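What follows is a short report on a single structure.
In what follows, chains carry the letters A, B, and so on, assigned in the order in which the sequence lines appear, proteins first and then strands, with residues in each chain numbered from 1. Here the structure is a predicted model, which means the values were calculated and not measured.
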There are 2 protein chains.
Amino acid sequence: MDTAHPVIPPASPRSHRHWRIPKHSPLYQQIKALILDSLSEGEWRPGQIIPSELELAARYGVSQGTVRKAVDELAAEHLLVRRQGRGTFVATHTERQTRYRFLRLRSDKTPQAVQESTQRDFISCEQQPADAHVAAALGLQHGDPLLFTRRLLRFDGEPAILEDLWLPLARFNGLTAERLIDYNGPMYALYEAEFSVHMVRAEEKIRAILPEPEAARLLDVSTATPILSVERVAYSYGNTPMELRLGLYRTDTHHYHNALK
Amino acid sequence: MDTAHPVIPPASPRSHRHWRIPKHSPLYQQIKALILDSLSEGEWRPGQIIPSELELAARYGVSQGTVRKAVDELAAEHLLVRRQGRGTFVATHTERQTRYRFLRLRSDKTPQAVQESTQRDFISCEQQPADAHVAAALGLQHGDPLLFTRRLLRFDGEPAILEDLWLPLARFNGLTAERLIDYNGPMYALYEAEFSVHMVRAEEKIRAILPEPEAARLLDVSTATPILSVERVAYSYGNTPMELRLGLYRTDTHHYHNALK
DNA sequence: CAGTGGTCTAGACCACACT
DNA sequence: GTGTGGTCTAGACCACTGC
């Protein structure tokens, strides 16, 4: 087996080590970092199975327990998914369970369940240069090419979210407006399937605002109806910002649900 | 040593076990539940040290590794805090790090840091019977006695939050209005110090609203300024709801920050 | 120095899934 | 049955804290 990323000297694996481990960081953290590298470099793609714990242990020249601790943490961070008896898989946003992981808007009537019938209407979808604000949020240069999209999301037919979305074209290989136009589904699933981009985490800034006339019209409310403004930056593996969203949420019929831990 | 909660027969600890473990749930989960019991029964109070891993292992008749896994999970859930070389402690809301764990409002100017200078003005503080809404949220009977409090929080002198708060008197032993009136600090710290009530988690419903004239006046905004409405139920150890809050957050100068993982 | 949590290993066995 | 992750144990050593 090719030891692609030797943490440690090529290494008699079986016997106790008597040479010093370079005590920079714990071994399992180094293993975690190596697995993360393989993820961000695309060695294992979203949805795919990764090598078994014993294989990884052999590959990195450490014990199964050490690999286990590394994988445990990556699973806790939702980067990997363990399935007993089957193996360990690269996490996805496509499964039922994780499909709407970042969507916090709930209906006032059925506060428990996640939205079932979601309808998406594209309002516009075009290439744009980055203005100062978007460039700052996404770590780009002023004027860098973006794909801009505006969509209206309806829950059970009722307008619920008006969402603007900016994607840096340089980070989505082969993305075009046409590609998105007739896609109807969660964006994060598309990113994974078409561009091997997996969103790991996101940060939101939430405010109460009054909508512009155009937004009010689309959301089917008056301009005097307060609206929740949700600005989100989503990050991929290396803490690289990949997407900026500005969502306008109707909270007269819905609410934003947050669990504090 | 008194084995107060024997998971398993009193137990020859040293030799390998050959009797069957009743495979209801993993051993470490049972240990976790026992530790949780000791926490909710007050055997170890907030801030106090709990027995060492080896002591717990002896007490429950399991290996150190099993105790470790149980404690690891409780630490991940912020119920315990591990300190290398010192011991394991019952988590508190009083430490610098965890002081404002549930407060998500950030200044637009200094989005990173947590609020430094917070001033609290009590507006009212009185006993009340529970109405239908509060009773439902806190799992009480209609009419059960509550302590109601309204406070205005200022950040750097500027009004930022107007907060209503309901506490079930039956669950706060010896709580009186007088006790709160001249207290100036985070509520959760007071609950721990005075009533041994530790908040473990909370759930929030967030909406955009227009404020009533009275609220607008106190927050020093017009009644046409949209305000963030944050309804929070906070839970103690046994998922017991202990507190209902209704916060009105100014988001013209601040924003609600949320990290999605 | 002794005592604590933190890391690492090795090996046994269990529970589950696929074939 | 074989192979996977999940649990449990035992023991060695490391890193930190406080006496």
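Cation-pi geometry between A:Arg245 and A:Tyr188 is met: the NZ or CZ atom falls under 6.0 Å from the ring centre, inside 45° of the normal.
Checking C:dT19 for Watson-Crick or G-U wobble geometry (two distances, each under 3.5 Å) identifies no partner in any strand.
Put simply, CD on A:Gln30 is 12 Å from P on C:dT7, counting in whole angstrom units. In this structure, CD of A:Gln64 is placed 11 Å from C1' of C:dT9, rounded to the nearest angstrom. Protein atom CG of B:Leu80 is 11 Å distant from nucleotide atom P of C:dG5, rounded to whole Å.
Comparing C:dG5, C:dC8, D:dG6 by their nearest atom to the side chain of A:Gln84 picks out D:dG6. The side chain of B:Glu55 has C:dT4 as its nearest neighbour among C:dT4, D:dC8, D:dT7. Of the candidates C:dG5, C:dT7, D:dC8, C:dT7 carries the atom nearest the A:Pro26 side chain, counting heavy atoms from C-beta on.
At the phosphate of C:dC18, OP1 or OP2 sits under 4.0 Å from a side-chain N or O atom of A:Arg86.
With a 4.5 Å cut-off on side-chain heavy atoms, B:Glu77 and B:Lys32 count as touching.
On a pure distance criterion of 3.5 Å, no polar donor-acceptor pair joins the side chain of A:Arg68 and the base of D:dG5.
Considering only residues two or more places apart in sequence or on other chains, B:Asn239 meets the side-chain hydrogen bond (donor to acceptor under 3.5 Å, both in side chains) condition with B:Arg201.
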